[in-house]
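Read the structure below first, then the notes.
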Amino acid sequence: MSAIRTPQEAALVEHAYKLTINPVGVHGEGVQALRDAGFSDRAILDLTLVIAYFAFVNRLADGLGVPLEESL
């Protein structure tokens, strides 16, 4: 895994972590941190939708007992 290289990457990773671990703990200051890092409101919406979608799919698969794919 490559290291975080930019303030935008750091802000994105922080937002993804918070949204995944404690979604009710994400507040306006988290969104503002993304804006401060240079993300537009549209980009913030898009990245939050992608993060939420992956969380949804993972919970759906776990809840249905879908087995993991074998590594290649």
Side-chain angles (χ1 to χ4, degrees):
M1 186 169 149
S2 62
I4 296 171
R5 296 186 179 116
T6 68
Q8 272 194 324
E9 289 174 342
L12 173 57
V13 169
E14 182 69 18
H15 184 68
Y17 179 80
K18 288 179 179 179
L19 193 58
T20 300
I21 299 302
N22 184 21
V24 298
V26 177
H27 298 287
E29 61 268 7
V31 172
Q32 188 58 50
L34 291 169
R35 286 186 185 120
D36 292 345
F39 288 99
S40 68
D41 286 347
R42 177 57 195 252
I44 293 168
L45 172 62
D46 290 346
L47 66 91
T48 301
L49 285 168
V50 170
I51 294 163
Y53 174 73
F54 273 90
F56 166 76
V57 170
N58 286 331
R59 283 163 179 77
L60 182 64
D62 289 345
L64 295 174
V66 175
L68 296 174
E69 292 182 17
E70 291 186 30
S71 297
L72 298 176

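Keep in mind it's a predicted model, so treat the numbers as computed, not measured.
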List, by chain and then residue number, the residues other than L45 in its hydrophobic cluster (Ile/Leu/Val/Met/Phe/Trp/Tyr, side-chain heavy atoms under 4.5 Å); write none if there are no others.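 Members alongside L45: L49.
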Should side-chain heavy atoms under 4.5 Å link Ile, Leu, Val, Met, Phe, Trp and Tyr, which residues sit in the same cluster as Y17?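 Under the 4.5 Å side-chain rule, Y17 groups with I21.
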Just to verify, what does D41 make a salt bridge (Lys or Arg N to Asp or Glu O under 4.0 Å) with, not counting sequence neighbours?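 So D41 forms a salt bridge (Lys or Arg N to Asp or Glu O under 4.0 Å) with R35.
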Partner set under salt bridge (Lys or Arg N to Asp or Glu O under 4.0 Å) for E14, not counting sequence neighbours: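 In terms of salt bridge (Lys or Arg N to Asp or Glu O under 4.0 Å), with neighbours along the sequence ignored, E14 is linked to K18.
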By side chain to side chain contact (heavy atoms under 4.5 Å, CB included) - contacts of A37 (at least two apart):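 Partners of A37 by the side chain to side chain contact (heavy atoms under 4.5 Å, CB included) criterion, ordered by chain and then number, come out as Q8, A11, F39.
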Count I, L, V, M, F, W, Y as connected when their side-chain heavy atoms are under 4.5 Å apart, and connections chain through other members. Are V66 and V57 then in the same cluster?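 As far as the 4.5 Å side-chain criterion goes, V57 and V66 are connected within one cluster.
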L60-L19 co-clustered via ILVMFWY side chain contacts under 4.5 Å: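 No; L19 is not reachable from L60 via cluster members.
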Please collect all side-chain hydrogen bond (donor to acceptor under 3.5 Å, both in side chains) contacts where either partner lies in residues 43-55, sequence neighbours excluded, each pair once.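 Qualifying pairs, neighbours excluded: H15-T48, R42-D46.
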Atom CG in L12, atom CD1 in I51: separation rounded to 0.5 Å?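 Between atom CG of L12 and atom CD1 of I51 there are 5.5 Å.
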What's the spacing between E29 CD and D36 CG if we round to 0.5 Å?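 Reported to 0.5 Å precision, the distance equals 11.5 Å.
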